[in-house]
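Report on one structure; see the data block that follows.
Heavy-atom basis, side chains included; hydrogens, waters and symmetry copies ignored. Protein chains get the first letters and strands the later ones, always in sequence-line order, with residue 1 at the start of each.
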2 protein chains.
Amino acid sequence: MPDKSLSSSQRAVQELRSRIFSGELAAGSDHLESELADLLEMSRTPVREAVLTLGSQGLLELRPRKGVRILPLSPEDMAEVYDVLTELESHAAERAASANYSEADLAELAQAIDEMDAAIAKSDLDAWAEADDRFHSELVRLGRNSRIEAIVAMMSDQVRRARTTTLFMRPLPTKSNEDHRAVYQAIRDGNPDTARTIHRKHRQHAKAILVELLGKHRLRYL
Amino acid sequence: MPDKSLSSSQRAVQELRSRIFSGELAAGSDHLESELADLLEMSRTPVREAVLTLGSQGLLELRPRKGVRILPLSPEDMAEVYDVLTELESHAAERAASANYSEADLAELAQAIDEMDAAIAKSDLDAWAEADDRFHSELVRLGRNSRIEAIVAMMSDQVRRARTTTLFMRPLPTKSNEDHRAVYQAIRDGNPDTARTIHRKHRQHAKAILVELLGKHRLRYL
DNA sequence: GCATTTATTTGCGTATGCATTAAAAAATGC
DNA sequence: GCATTTTTTAATGCATACGCAAATAAATGC
C-alpha cells in the first residue's frame, strides 16, 4: 500500500524506479507519459516531474513524441559507470582511513563483511549482493562527501539492473571479501594510501570480470 | 534575444542559470515559483521543471512554502566539489594518455595552454579563467567517459560562481601552466600514470590554495 | 499582557484543457 | 506502383484552475 504521506510525484519516482529495477519496465522499452500516468493512477503532471528526475539520474531518456525510453546499458556504459565508482569510492576509502574512526564507527562496515562471508557459505547470492551494497555505501558514507555519496548512489542504481542478471553468471565471489577486509583494516589502522590502492584494485578487478563476462555471453545491452 | 526555437522550460533553465552565475539571483536568496515565473514571463509549469532540473544539479534547493533557495557554497562544499573534480579529471587524464591521440587530436588542449600563457602575460584573469575552463573540459572530453563529462560539468558549474570571486584574490597562476604542459606531454607521449599523477597533484594543490584563501578571507559562504 | 485557539492568507501540488507540431495515414500525381 | 503532397492523428509543452495544508494574522480566554 503506497504511503499517503508522500506526494504523488515522489511516489511516481519510487514506483517507476522499482518497476525499472524489477524489469516490469524493461530496458529499451518506450512509454508515453499518459501510459505511465494510467499505470500509476495519477495525472501526467507528477509523472512528468518524476520522469525528469529519473532522466537526470540517467535511468531513462526523454524522447519527445516517442515516449520515455528506459535506458539500456551497453558494456561500454557499464565500463563508464564502473570507472566512476572506482575513482570516487577509492577516494572515500582514503578519506575514511584519514578520519581516525573508532572500531565502533566501523561496526556497520565490519558487519557487512561478515554477512558477505555468511552469505557465501550458504551460497546465497542475493544476500551477498545486499551485503556488498551495504559495504560499498557505508564505505562511501564514511568518506564524508555528500556529493560523492549522491553520485555513487546514482551510478549504483544504473548497474543494479545489470547486476541481477550477471550475478548468477559468475562464480561465487569468494576472494572478493579478502579485499573488503583489507580495506577495512587499512581504514581502521589509518592507512589512507593502502585503503585507496586496495579498493581501487578491487574495483578495477570487478570491472574487468564484468566486462569479460558480458563479452563472453555476448550481452550487448542490459 | 532569447531563441524562440527553444522550449520555455529549456529557456528557463538557461535564464536561471545565467542569472545565478551573474549574481542577479544571489546565493542564499529565496524565490517563489511565481516570482520566477513573472521574471521569466512564463507560467509556473516550465519554471517548475527548470527548477527541478537545476535542483538535481545542485545549484538550488526546493523548500516548499519557502521558495527555491539559490544554494550558497561553504568552504566545505568547495572542498567536496574539488575532490570530485580531482578524482574524475585525473582518471580522464589517465585515459586520455592511454588513447594514443595524435597531436592533431590534442590541438585544442595545446591551444588552451597557449592562451593561458598569453592571458598571464597580459594579466588578463578573465581570459585565463576562460582558457583554463577549456583546458579542463577538453581534458575530460579526451577521457571519453560521458558520465564523467556530465558530472564534471555539473561540479564546475557549482564552483563557477565562487571562482569569479576568488580569482581576483590570489596571485597570478603563473606556475599552474607548467602542470598543464606536463599533463599535455604525458598524454601525448602515452604515459597514463604520469598524466594521472601530475593532474591529481595539480588539482589537490588548487584545492589547497582555494581553501586557504577562503579561510584567510573569512569567506563562510559564496 | 501572554498563551492558545481560530481565522485568513497564500504557495504549492496536482489535474485539466488546449495549441502546437511531429509523426502517421491517406490521397494525389506521375 | 512509387514518390510526393496533403490530411489526419495524437503526444507533448504550457497555461490555467483549484483544493489543501502550512504559515501567518487575528481573536479569544485567562
Return a table of donor-acceptor pairs under 3.5 angstrom between the side chains of residues 65-77 of chain A and protein atoms on other chains or two or more places apart.
residue: A:Arg69; atom: NE; partner: A:Gly28; partner atom: O; Å: 3.4
residue: A:Arg69; atom: NE; partner: A:Asp30; partner atom: OD1; Å: 3.0
residue: A:Arg69; atom: NH2; partner: A:Asp30; partner atom: OD2; Å: 3.2
residue: A:Ser74; atom: OG; partner: A:Glu76; partner atom: N; Å: 3.3
residue: A:Ser74; atom: OG; partner: A:Glu76; partner atom: OE1; Å: 3.2
residue: A:Ser74; atom: OG; partner: A:Asp77; partner atom: N; Å: 3.1
residue: A:Ser74; atom: OG; partner: A:Asp77; partner atom: OD2; Å: 3.1
residue: A:Asp77; atom: OD1; partner: B:Arg147; partner atom: NH1; Å: 3.0
residue: A:Asp77; atom: OD2; partner: A:Ser74; partner atom: N; Å: 3.0

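Applying the side chain to side chain contact (heavy atoms under 4.5 Å, CB included) criterion to A:Leu125, with sequence neighbours excluded, gives A:Leu167, A:Phe168, A:Leu172, A:Pro173.
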Problem set entry | Per-nucleotide protein contact string for nucleotides 6-15 of chain D, where B marks a base within reach and S marks sugar-phosphate only (heavy atoms under 4.0 Å, - for neither) | ----BBBBSB
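Checked by atom type and distance alone, the side chain of A:Asn177 pairs as donor or acceptor with a backbone atom of A:Ile113 at under 3.5 Å. Between the B:Glu80 side chain and the A:Ser146 main chain, a donor and an acceptor come within less than 3.5 Å of each other.
Across the protein-nucleic acid pair, A:Asp30 atom CG and C:dA23 atom C1' stand 14 Å apart, rounded to whole Å.
Below 30°, between 30° and 60°, or above 60°: for B:His202 and B:His136 the angle between ring planes is below 30°, a parallel geometry.
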